[in-house]
Amino acid sequence: MNEGNMDWIERAQRVFTPNYRPAPIALERGEGVWLVDVEGQRYLDMISGIAVSSLGHGHPALVQAIQRQVGLLLHTSNIYWNCPSIRLAELLVRESFAHRVFLCNSGTEANEAAIKLARRSAYDRGEVLRTQVLTFTGSFHGRTYGALAATAQPKYHQGFGPMPEGFAYLPYGDLQAAREAIGANTAAVLVEPIQGEGGVNVAPEGFLAGLRALTLERGALLIFDEVQVGIGRTGRRFAYEHEGVIPDVMTLAKGLGGGLPIGALLASDTVAASLTPGTHGTTFGGNPVACAAAEVVLETVWKPEFLSRVTALGDQLRDGLNRLNQDLSVFDEVRGRGLIAGAQLRAGLPFSASDVVNACRMEGVLTHVAGPSVLRLAPPLIIDAEELEVALAAIRRAVSKLVP
Ligand SMILES: Cc1ncc(COP(=O)(O)O)c(C=O)c1O
């Protein structure tokens, strides 16, 4: 007998640590923007495994590049060069502010590298006391200790202390607080141009430029965490391009591999020079298969016509949510840029963002939350206008059923 969703879930619950709370479906395959569970039920994917599956599921060029590379070479480690990683780093350098790339395996690992680099760079300049890393309330930078300490949300720290020293937190968007805090001991300011997990909060206009001016003036590095919003998600190659503010260091992951695990740190020449041989590393970083996948993602997503499409579809998505809100009056605000959107639920409603996510799933659409009161949408970037309307109609049906 074929096993259904519940059979798989029971098996999973017997063997996994209980740190996740997955929706009660076991997914088996995907086609384009559609996912199919083990019972054959189809879902329109409006979250892409949290902004990862940028080319959707089963994208022919992506599948082909991965299959080809699997047959050629799976792993080398960093004691040899490999061609896909070199081609990928060349692409990242060609299309960004950066001169140098460090490849790793996840967002948290890219941020660990960024924090280490910031401190080491100050140390190399003889500024041994310049170790402080400033981050912002509502941020999310990852789960390993450095990235976790950088994550200014107490709920993620609870019970895991002591946290590494040298981190301090400022209100997101508050330039005056940053002006008062950035000092002679500040190694870096680490900031998401749009906070993903924190509620899809777009940095207020002038905030990133203000941080750039202050960090330059006071000798600290500016690090952009674009793990969630880089690689075409906002309709530009990188989110920093919207503001025209150039950081010293940027971290990437999620959408970069189109579904394969990969992270990257990008840096200017002068800063990257501190990562001398032996200072940092990782066995799997620059894995040829992940890099071959990322090459296809970048070559597809970074075409100007693809990016303009993302911008137009993002407008359509937010317009649709706003229209829904005109009729149902459930959101305080619809935020976002390109194909990442957050709909902030009104206070006092008798349902939460996860209730909306569950109701959407019942209507055949997969979404996610960003905190308790924000519905988050981040569909594959290859979604088309018609599919977006199907998703919006389903979200409308789901929300209508929850409204008293
Ligand atoms: C902005 C940001 N930084 C870092 C991370 C951590 O990435 P990973 O889960 O790949 O370690 C995330 C994950 O959600 C993120 O959104």
Side-chain angles (χ1 to χ4, degrees), residues 17 19-22 47-54 102-118 133-153 155-157 160 167 169 172-173 188-203 207-208 211 222-234 238-240 242 247 249-266 282 284-285 287 290 293-294 297 335-342 353 367-371 374 376-378:
T17 55
N19 51 311
Y20 297 118
R21 224 180 348 229
I47 192 62
S48 320
I50 319 194
V52 168
S53 309
S54 29
F102 167 76
L103 291 172
C104 54
N105 310 287
S106 67
T108 201
E109 207 188 329
N111 284 328
E112 290 293 330
I115 293 162
K116 284 180 71 178
L117 174 58
V133 176
L134 291 173
T135 65
F136 296 91
T137 47
S139 58
F140 188 88
H141 299 296
R143 305 277 196 159
T144 54
Y145 267 107
L148 181 63
T151 294
Q153 296 198 56
K155 67 177 179 190
Y156 293 113
H157 294 188
F160 290 113
F167 293 82
Y169 314 119
Y172 189 66
V189 173
L190 167 59
V191 63
E192 294 160 82
I194 300 175
Q195 290 188 330
E197 301 301 303
V200 191
N201 306 312
V202 181
F207 181 55
L208 300 175
L211 291 178
L222 181 62
I223 305 171
F224 284 167
D225 177 342
E226 293 216 13
V227 165
Q228 187 152 161
V229 296
I231 317 294
R233 172 70 41 200
T234 66
F238 304 106
Y240 73 80
H242 291 278
V249 176
M250 174 170 65
T251 54
L252 301 169
K254 288 190 182 278
L256 177 59
L260 283 189
I262 182 167
L265 169 146
L266 275 62
T282 166
F284 292 115
N287 173 272
V297 171
R335 303 187 283 261
R337 209 165 233 172
L339 282 174
I340 179 159
T367 62
H368 195 44
V369 298
V374 177
R376 180 169 27 163
L377 303 171

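Atoms within a ligand are numbered from 1 in the order they appear, just like the ligands themselves.
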Taking [X] for its side chain and [Y] for its backbone only, find out whether a donor-acceptor pair lies under 3.5 Å.
X	Y	result
N111	A147	no
Y240	L208	no
T234	R337	no

List, ordered by chain and residue number, the protein residues whose closest non-hydrogen atom lies under 4.0 Å from any atom of ligand 1. S106, G107, T108, N111, F140, H141, G142, E192, E197, D225, V227, Q228, K254
On a heavy-atom basis, the closest approach of V374 and G199 is CG1-O, 3.8 Å
Where is the tightest heavy-atom contact between A150 and S139, given as atom of each residue plus distance? O-OG, 3.5 Å
Sequence-distant partners of A188, side-chain contact (heavy atoms from CB on, under 4.5 Å), two or more places apart: A118, L221, I223
